Colleague: 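One structure follows; several queries about it will come next.
Here is how names work: the chains are called A, B, and so on, in the same order as the sequence lines, proteins then strands, and each is numbered from 1. The structure presented is a predicted model; accordingly, all values stated were derived computationally and were not measured.
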2 protein chains.
Amino acid sequence: MSSKETINKVFKAVSDPTRREVFHVLMAASAAMSIAQITEHFEISRQGVTKHIKLLEEAGLVKTFEKGRERFCESNPTPLNEIRNWLLVYDKFWDDKIKSLDKFLTQRPKK
Amino acid sequence: MSSKETINKVFKAVSDPTRREVFHVLMAASAAMSIAQITEHFEISRQGVTKHIKLLEEAGLVKTFEKGRERFCESNPTPLNEIRNWLLVYDKFWDDKIKSLDKFLTQRPKK
DNA sequence: TAAATTAGCAACCATATAGTTGCTAAAATC
DNA sequence: GATTTTAGCAACTATATGGTTGCTAATTTA
């Protein structure tokens with residue numbers, strides 16, 4: 001599940017400002033929203049929104065279901081953990097550097 | 001400093017897998033690396049690497065300095081905080097949903 | 001001083017991206 | 001049953017992206 005492809009898709013999904021805003025609108029919404037409802041929040045066309053939804057969906061950040069002629073979209077923040085984990089690696093690097101500095105300082109002969 | 005432009009650049013810098021790897025190599029390095037040294041780690045041309053460095057630099061994730069005919073690159077993880085802060089917003093959303101669920105459950109008349 | 005190394009600049013290429021418009025199909029409403 | 005609404009599909013456009021090659025300039029090294 002958490003493959004190299006997945007993380008690429010999540011980063012890609014989130015790299016576009018409009019797409020981040022679409023995601024935000026869905027996160028802030030109290031219920032699932034149709035494509036038309038989402039489009040109301042933006043200046044771009046419905047087709048434009050649909051394309052963004054598709055990319056977000058591929059990253060797993062949005063789930064959709066059909067109901068009659070409408071398609072409803074819900075946000076799913078779980079894949080953001082891919083990004084969190086990616087960041088963690090660099091926290092670790094940071095810690096290691098602090099530690100090795102600390103080691104260096106404490107093991108230095110006193111005076 | 002922490003403008004809308006900045007966060008766009010950081011997300012963009014980090015959205016490409018090769019660029020994430022360049023950043024990673026620099027983070028893992030114990031000293032600053034020249035363009036040629038970085039290129040050794042990749043299958044792409046020096047010019048390709050230079051382009052990636054430029055984007056990383058614009059995002060502030062890489063700092064460079066010249067020394068003779070060489071240019072040295074160092075990673076700077078600080079702008080990653082832009083991403084951390086962006087993620088925090090959705091932790092908050094998450095918390096709020098848990099809280100309102102909790103509120104709903106505890107305020108429900110007992111039996 | 002001549003040769004080799006390091007890197008910048010510019011032009012180019014193929015593909016991806018963000019967006020559009022036009023048309024069609026299926027539900028919902030009148 | 002006719003009309004409106006909602007959305008998908010396809011084609012198109014402009015620009016950005018990731019990559020290349022060729023050439024030039026500057027610094028090192030021999």
Colleague: As a test of reading the structure: which of D:dA7, C:dG8, D:dG8 is closest to the side chain of B:Arg71, going by heavy atoms?
Modeller: C:dG8
Colleague: Rounded to whole angstrom units, what separation is found between the CD atom of B:Glu66 and the C1' atom of D:dT27?
Modeller: 12 Å
Colleague: Between B:Asp16 and B:Lys51 (salt bridge meaning N to carboxylate O under 4.0 Å), is one present in this structure?
Modeller: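 Result for this pair is no, no salt bridge flagged.
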Colleague: Using whole Å, what does the distance between atom P of nucleotide D:dT17 and atom CG of A:Asn8 come to?
Modeller: 17 Å
Colleague: Strictly under 4.0 angstrom, non-hydrogen atoms only: write out the protein contact profile of nucleotides 17-30 of chain C, one letter per nucleotide from the 5' end, B, S or -.
Modeller: SSBBBB----BS--
Colleague: Between A:Thr39 and A:Ser45, what is the shortest heavy-atom contact and its length?
Modeller: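 For A:Thr39 and A:Ser45, the tightest heavy-atom pair comes out as CG2-C, 4.1 Å.
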Colleague: Are the side chain of A:Arg19 and the backbone N or O of A:Lys12 linked by a donor-acceptor pair below 3.5 Å?
Modeller: yes
Colleague: Test your reading of the model: is there a side-chain donor-acceptor pair from A:Asn81 to the backbone of A:Thr78, 3.5 Å cut-off?
Modeller: yes
Colleague: Of the residues in residues 57-65 of chain A, which ones touch DNA chain D at a heavy-atom distance under 4.0 Å?
Modeller: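 Residues of residues 57-65 of chain A under 4.0 Å from DNA chain D: none.
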Colleague: Without decimals, in angstroms, what is the distance between B:Arg20 CZ and D:dG18 P?
Modeller: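 Roughly 11 Å, once rounded to whole Å.
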Colleague: So, applying side-chain contact (heavy atoms from CB on, under 4.5 Å) with B:Val25, which one of B:Met33, B:Gln37, B:Glu40 is it?
Modeller: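 The side-chain contact (heavy atoms from CB on, under 4.5 Å) with B:Val25 is passed solely by B:Met33 among B:Met33, B:Gln37, B:Glu40.
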Colleague: May I ask you to decide whether B:Asp91 forms a salt bridge with A:Arg84, counting only side-chain N to carboxylate O separations under 4.0 Å?
Modeller: yes
Colleague: For A:Glu57 and A:Thr64, test the side chains for any donor-to-acceptor distance below 3.5 angstrom and give the result as yes or no.
Modeller: yes
Colleague: Measure CD1/A:Ile35 against C1'/D:dG8 and give the value in whole Å, please.
Modeller: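 About 10 Å, once rounded to whole Å.
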Colleague: Would you mind reading off the distance between B:Phe42 atom CZ and D:dT20 atom P, rounded to a whole angstrom?
Modeller: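 Between P of D:dT20 and CZ of B:Phe42: 12 Å.
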Colleague: Taking CD1 from B:Ile53 and P from C:dC9, how many angstroms apart are they, rounded to a whole number?
Modeller: 14 Å
Colleague: Parallel, tilted or perpendicular, judged at 30° and 60°: which one describes the rings of A:Phe72 and A:Phe65?
Modeller: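 Parallel.
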Colleague: Quick check on the 6.0 Å ring-centre criterion: do A:His24 and B:Tyr90 meet it?
Modeller: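 Ring centres of B:Tyr90 and A:His24 closer than 6.0 Å.
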Colleague: Using atom CZ of B:Phe72 as one end and atom C1' of D:dT27 as the other, report the distance to the nearest whole Å.
Modeller: 13 Å
Colleague: Expressed in angstrom and rounded to an integer, what is the separation of B:Gln37 atom CD from C:dA7 atom C1'?
Modeller: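 Checked: the CD to C1' distance equals 13 Å.
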